[in-house]
Amino acid sequence: MLDWSHNAFYQRLLLRALPRPCRRVLDVGCGAGGFAARLAERVEHVDAVDRSARMIEDARRHTPGNVTCVLADVLVDPLPGKDYDAIVSITALHHMPLADALEVLAAALRPGGVLAAVVLPRVDLRREWPVEIVAMVGHRLLGVAFLVNRLLRGAPTFAKEHHTRTSMPVVLDPPLTTREAARVAAAVLPGARVRRLLFWRYLLIWEKPLPRDGNPAAAGPSPRST
């Protein structure tokens, strides 16, 4: 009864990161389409991709007409579009090699576009133990507040669905800590910002640079050394 969805809680953080104007958005790892539906209220068109066929079926039932739901693995299959104003993702990038995913997604952004992702980090108790303690206490306190709101108003607040009902994959040990993810992001996307969020997530934000001297290649990610 006191549990609630951190993913739903952080949707508004990504909504605030959308650039203006913002007409077309790619939602990576869209799941059942809840966030894609919220995006569709703010932008002209949303491409929502997920590599789970069941999730895409659910998303097609739960999203409006300006959302195109596509079964695809972004590291294997072609993306449904290019030159996106924004690319967003909630707890999907830790299922992929981060550097490879960032390169693919950066290439699909228009210059000046924004990549914004909420990602699950690996636990780093040595450096983040104060945050972990505050998160555990805060999770229960907010759970009580949300429960009271639900009882008084009858509306669910950041309702959480169990993974056995959604078939969404569960990662118990993500590969990168927040600090490691920040190093990877900085190497691939100079200027990327990564910061730890309170409730067991980190936020990655990158704005694709505008081309210099009319050279579109200058706006892309830095090539990795081999």
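Along the sequence shown, residues carry numbers from 1. Owing to the predicted nature of the structure, the values given are computational and were not obtained by experimental measurement.
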Go through the steps for Leu18 and Val114 under the test side-chain contact (heavy atoms from CB on, under 4.5 Å), then give the verdict. CA-CA 7 Å; Leu18 297 178; Val114 172; over 6 Å; no
Checking Leu197 against Tyr10 for the side-chain contact (heavy atoms from CB on, under 4.5 Å) test, could you report, in this order, the C-alpha distance in whole Å, the side-chain angles of both residues, the deciding distance, and whether it holds? CA-CA 9 Å; Leu197 302 173; Tyr10 285 123; 3.6 Å; yes
Mind running side-chain contact (heavy atoms from CB on, under 4.5 Å) on Arg122 and Thr177 for me, showing each step along the way? CA-CA 4 Å; Arg122 187 171 184 171; Thr177 66; 4.1 Å; yes
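To the nearest 0.5 Å, the span separating NE2 on His94 from OG on Ser89 amounts to 9.0 Å. In this structure, CZ on Arg16 lies 5.5 Å from CG on Leu13, to the nearest 0.5 angstrom. If you take CZ on Arg201 and CG on Leu120, they are separated by 5.0 Å, rounding to the nearest 0.5 Å. For the atom pair Leu71 CG and Arg60 CZ, the distance stands at 7.0 Å (nearest 0.5 Å). Taken from CD1 in Ile87 to CG in Leu102, the straight-line distance is 10.0 Å, to the nearest 0.5 Å. Taking CE of Met55 as the start and NE2 of His62 as the end, the distance is 9.5 Å to the nearest 0.5 Å.
Using the six-membered ring where Trp is involved, Phe199 and Phe9 have ring planes that are perpendicular, over 60° apart on the 30 and 60° scheme.
Among all heavy-atom pairs drawn from Leu189 and Ala106, the shortest one is CD2-CB, 3.6 Å. Nearest heavy atom pair, residue Ala48 against residue Val67, reads CB-CG1, 4.1 Å.
Among Thr68, Asn66, Asp85, the one residue that satisfies the side chain to side chain donor-acceptor pair (under 3.5 Å) test with His45 is Thr68.
Looking at residues two or more places apart in sequence or on another chain, you find a salt bridge (charged side-chain N to carboxylate O under 4.0 Å, His left out) between Arg23 and Glu44. Every residue meeting the side-chain contact (heavy atoms from CB on, under 4.5 Å) condition with Val194, not counting sequence neighbours, appears here in chain and number order: Thr178, Ala182, Ala185, Tyr202, Leu204.
In this structure, Asp83 does not pair ionically with Arg110, as no charged nitrogen and carboxylate oxygen lie closer than 4.0 Å.
Linking Ile, Leu, Val, Met, Phe, Trp and Tyr whenever their side-chain heavy atoms come within less than 4.5 Å leaves Val88 and Ile56 in two separate clusters.
Contact annotation: the side chain of Arg196 never approaches that of Arg179 to less than 4.5 Å [non-hydrogen atoms, C-beta and beyond]. Between Leu26 and Leu79, the closest side-chain pair of non-hydrogen atoms falls below 4.5 Å.
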